[in-house]
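Below, read A as the first sequence line, B as the second, and so on, with proteins coming before strands; counting in each chain starts at 1. For the numbers below, each heavy atom of this structure counts, side chains included, while hydrogens, waters and symmetry mates do not.
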Amino acid sequence: MARRPANGQAPAQFALDVRGLTTSFYVGGKWFPAVRDVSFALKRHETLALVGESGCGKSMTAMSIMGLVPKDAGRVKAEAILFEGQDLARASEAKMREVRGDGISMVFQEPMTSLNPVLTIGFQVSEALRHHRGLSRRDAAARALHILDQVKIPSAKSRFNDYPHQFSGGMRQRVMIAMALACQPKILLADEPTTALDVTIQAQILELLRELKRETGMAMIFITHNLGVVAELADRVAVMYAGQIVEIAEVAELFARPTHPYTEALLRSIPRSDRDTAELYTIPGQVPPITRMPPGCKFADRCAYRLDRCQAEEQQLAPLAKAPAHAVRCWRRTEETQPEMVVVDA
Amino acid sequence: MPDPILQITDLKKHFHVRRGFPNPKTVIVRALDEISFTVRKGTAFGLVGESGCGKSTAGRCLLRLIEPDSGSVVFDGVPVLNADTTTMRALRRRMQIVFQDPYSSLNPRKRIGAALAEPLLVHGMANRAEARERVRDLLAEVGMPKEAADRFPHEFSGGQRQRIGIARALALGPDLVVADEPVSGLDVSIQSQILLLLKRLKDTHHLSFVFISHDLGVIRYFCQEMAVMYLGRIVEIGPIPDVFEEPLHPYTRTLRDASPVPDPTSKSIFTKIEGEVPSAVKPPSGCHFHPRCPHAMPVCREVYPRWTAIDARRGVACHLFDDEHGGRDPAP
């Protein structure tokens, strides 16, 4: 489904243009989509947050873009994944190896499992430079040291030959970010990079990412389940549920006017540290398993505004009449006038 | 103010750990350094802090799941730490715990019904037939179908397992529940379901809680009083709205300001949160927080600040509030 500017209309404004991405997994003899028909365009210099609960397909979207879905288990299909005039959906593995860590790089949640424990951090940060830029060992090391300084590893020079286990969780995440930034990528995919960290360390890493983005002008896809982090960092937000984008809008607009019933319920389910929460809302039930997705709206059986039509018909991600940049996958909210707020009972 | 149900005084636990390769050395981890707090009947007391601050050790020590080195724990007038086996058995019935990950605390080969009936049978509170009935009631109480009794732990999602963990804690009809990060691994929508469940149970069973969490939002929602911990010590105690509205200790303020809130118009000021949490093996001299503190004074490097009671419910361990040093020191 195309909700996007017509082709040929200044595509250069996009750092990445994902169209109709569907990633399926083979479960018990059948293919089931974990990501269904996801389309979005990432503008240059923009931070787009992909937000949703576990299993909503947000990480799998990033893995699919990077071509990291294991071929024997998963099947990635897309109309197009456009990056710098190339279609990554049709790129060879050799081509993808050129792109990964150079044009697009990724930071994962758990730095300990993503860093090689038997190689020094200096080596690991230099590696991408030697591979992609063909730098000599010495030049790569000099550049790597500069980047480690940039991500504010204290006394980076003396720690250059240290191993990952000698670093704390926050410092390891800085090393991961340094590795990702080594070749000055156009796009950084950050998959829950602060989830395993304490809040004060999380704040430092978010501030670092903000700063680095300002300095390098790269675009970022930030994957998280934490709406607080989204509010801190994102320019635009795509909310995912059961493999689909159910709402996408500018960050201020999304938080001021959460329009999909799921987004709205989610925001009201968060106990807040900045004010008293008299009544905490709750979303009944749970996300349907990938093997038993209902035909219509995937959220319908948990939705307080559900009508018969919701469960029967597939919904489209459609822009709101009043705010065309704000699109919602809910016909009640896009076609009808906004219904009265219903209190979801515990 | 309700009567106290649990009084912790100077609770201390140091772990002796051998580590290092190839020449291991014994190091002392100061997990808990003389913490004191009081939980009042029917209220929830929050323990908040970052990983390694000792909040979970505190929860375990007060139940004697880990034997503390020294200090005192008085539960409803009964001293817990030197209680004999018979007294302890009676106390365990009244003090229960809910873990963060119920999966690792449920026997994977035991059906849920058997797991829930076990405490009843062990404590001789029911025969098999009564236990079966009680299990059905417990499952209903936590919002689980009665068929769950015949299933195994792996058949349930994280949220459902936490409901089972809560049912097990409730089985013996406790007065106090230590909830150790009960909603941490859960998605937002499941987290709110569990929080509402705990709140309802707190009201219907008049439960008191020691509620351990790293999430300030969860603490603010669930608790009436809280203590903030840093490197094995309590740095601030107070009633919930007060501590959030006007944090006294600079660490409490840092923690509050670093916690992201879902509101893009109130972007937190990540101004200079310095450094990382130091290791509890080698805590900094003086006030443990001084290397990261924006208000550190010379005295902070030398002396651990004594406890300053602001009023009956509020207190802080910080030289800024101690009259002997408070702000009168010339700026460094």
Answer key: most heavy-atom pairs under 4.5 Å with chain A among B:Pro241, B:Gly275, B:Gly159, B:Ser279 is B:Gly275

Q: Measure centre to centre between the rings of B:Phe289 and B:Tyr251, then say whether the value is under 6.0 Å.
A: yes

message: When you compare the side chains of B:Thr265 and B:Asp263, does any donor N or O come within less than 3.5 Å of an acceptor on the partner?
response: yes

Taking the six-membered ring for Trp, are the ring centroids of B:Phe211 and B:Phe45 within less than 6.0 Å of each other? no

**Message:** Is the shortest side-chain heavy-atom distance between A:Tyr262 and A:Phe299 below 4.5 Å?
**Reply:** yes

Greatest number of non-hydrogen atom pairs under 4.5 angstrom with chain B, of A:Leu227, A:Val287, A:Asp274, A:Thr277, falls to A:Asp274

Take atom CD in A:Gln166; do more than 12 heavy atoms of anything else shown fall under 6.0 Å from it? yes

message = Surrounding CD of A:Glu215 (heavy atoms of other residues, nucleotides or ligands, distance under 6.0 Å), is the total greater than 12?
response = yes

Listed by number, the residues in residues 225-236 of chain B that come under 4.5 Å of chain A (heavy atom to heavy atom) are none

Subject >> Between B:Ser192 and A:Arg268, a side-chain donor and acceptor under 3.5 Å >> reply: no

Note: vs chain B, highest number of non-hydrogen pairs under 4.5 angstrom among A:Gly228, A:Ser168, A:Ala278 is A:Gly228

B:Val277 and B:Arg292, any side-chain heavy atoms less than 4.5 Å apart:
yes

So, the part of A:Leu266 with a heavy atom under 4.5 Å from chain B: the answer is both

Turns out that what part of B:Ser157 lies under 4.5 Å from chain A's heavy atoms comes down to side chain

Return yes if a side-chain donor-acceptor contact under 3.5 Å exists between B:Arg40 and B:Gln224, otherwise no. no

Applying a strict 4.5 Å limit to non-hydrogen atoms, the region of A:Val229 in contact with chain B is both

Residue from B:Ile219, B:Leu216, B:Leu186, B:Leu197 scoring the most non-hydrogen pairs under 4.5 Å with chain A is B:Leu216

